[in-house]
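Data first, discussion second: the structure below is written as structure tokens.
Everything numeric here is computed off the predicted structure, so don't read it as measured data.
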Amino acid sequence: MDRFARRAGLHPALVQRYVALGLIDASRDAEGRLWFSPAALSRVGRVQRLHADLSLNYSAIGLVMDLLDRIDQLQTALRTRKGPSWT
């Protein structure tokens, strides 16, 4: 947890808040410590940019992140779909 917070440039309490709000995913080991995937660092960066650049609150950030994830899924599905090219 502390190592992840240092790499993200955040205070560990803020990382815990992001996890509690569902903005980043983490898993817990048998001792209750939080563990993060490598993708969590990019999600933290996205959360920070949305908060700083657009002055969004954390609820709005969660909604925007969900929408951006859905757009990514749709774009991936479109790229892998067989048929005429859209480019």
Side-chain angles (χ1 to χ4, degrees):
M1 165 65 150
D2 289 333
R3 190 170 91 193
F4 178 83
R6 275 193 308 276
R7 290 186 72 197
L10 300 174
H11 191 277
L14 186 54
V15 172
Q16 288 176 336
R17 183 175 180 147
Y18 285 177
V19 171
L21 293 170
L23 298 176
I24 57 173
D25 294 326
S27 57
R28 290 194 183 271
D29 63 14
E31 296 172 7
R33 293 179 296 207
L34 292 174
W35 291 91
F36 301 90
S37 73
L41 275 177
S42 64
R43 285 191 64 86
V44 165
R46 186 177 267 184
V47 168
Q48 290 177 298
R49 286 189 303 277
L50 289 169
H51 185 65
D53 296 346
L54 300 177
S55 300
L56 297 177
N57 64 32
Y58 292 128
S59 296
I61 290 172
L63 176 63
V64 170
M65 300 262 300
D66 288 344
L67 292 171
L68 291 172
D69 289 343
R70 182 65 180 142
I71 289 169
D72 287 342
Q73 292 169 355
L74 291 169
Q75 287 176 331
T76 299
L78 188 59
R79 278 193 300 270
T80 59
R81 185 177 145 200
K82 294 183 180 187
S85 174
W86 297 99
T87 58

Full working for side chain to side chain contact (heavy atoms under 4.5 Å, CB included) between Arg43 and Asp69: CA-CA 10 Å; Arg43 285 191 64 86; Asp69 289 343; 3.0 Å; yes

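When all heavy atoms of Ile24 and Ala40 are compared, the pair lying nearest together is CG2-O, 4.2 Å. Residues Leu56 and His51 share a closest heavy-atom pair of O-ND1, 2.9 Å.
Under the 4.5 Å side-chain criterion, counting only non-hydrogen atoms from C-beta, Val44 is in contact with Gln48. Proximity of Phe36 to Val19: side-chain heavy atoms (C-beta onward) are separated by under 4.5 Å at one or more points. A heavy-atom distance below 4.5 Å is not found between the side chains of Asn57 and Ile61. Side-chain contact between Phe4 and Leu10 is absent, with no heavy atoms from C-beta onward closer than 4.5 Å. Looking only at side-chain heavy atoms (C-beta outward), Val15 and Leu34 stay at 4.5 Å or farther from each other.
Atom CZ of residue Arg79 and atom CG of residue Leu74 lie 10.5 Å apart, to the nearest 0.5 angstrom. Note: Ser59 OG to Leu21 CG = 7.5 Å, rounded to the nearest 0.5 Å. The distance from the CE atom of Met1 to the CZ atom of Arg6 is 11.5 Å, given to the nearest 0.5 Å. The line from CH2 of Trp35 to CZ of Arg3 is 6.5 Å long, rounded to the nearest 0.5 Å. Here the CG-CG distance, from Leu23 to Asp66, works out to 9.0 Å after rounding to the nearest 0.5 Å. Once rounded to the nearest 0.5 Å, the distance linking CZ of Arg70 with CG of Leu68 reads 13.0 Å.
The aromatic rings of Tyr58 and Tyr18 stand perpendicular to each other, their planes meeting at an angle above 60°, with 30° marking the opposite boundary.
Note on Arg33 versus Asp29: salt bridge recorded, some NZ/NE/NH1/NH2 to OD/OE distance being below 4.0 Å.
Hydrophobic clustering (ILVMFWY, side-chain heavy atoms < 4.5 Å, transitive): Leu67 and Val47 are in distinct clusters.
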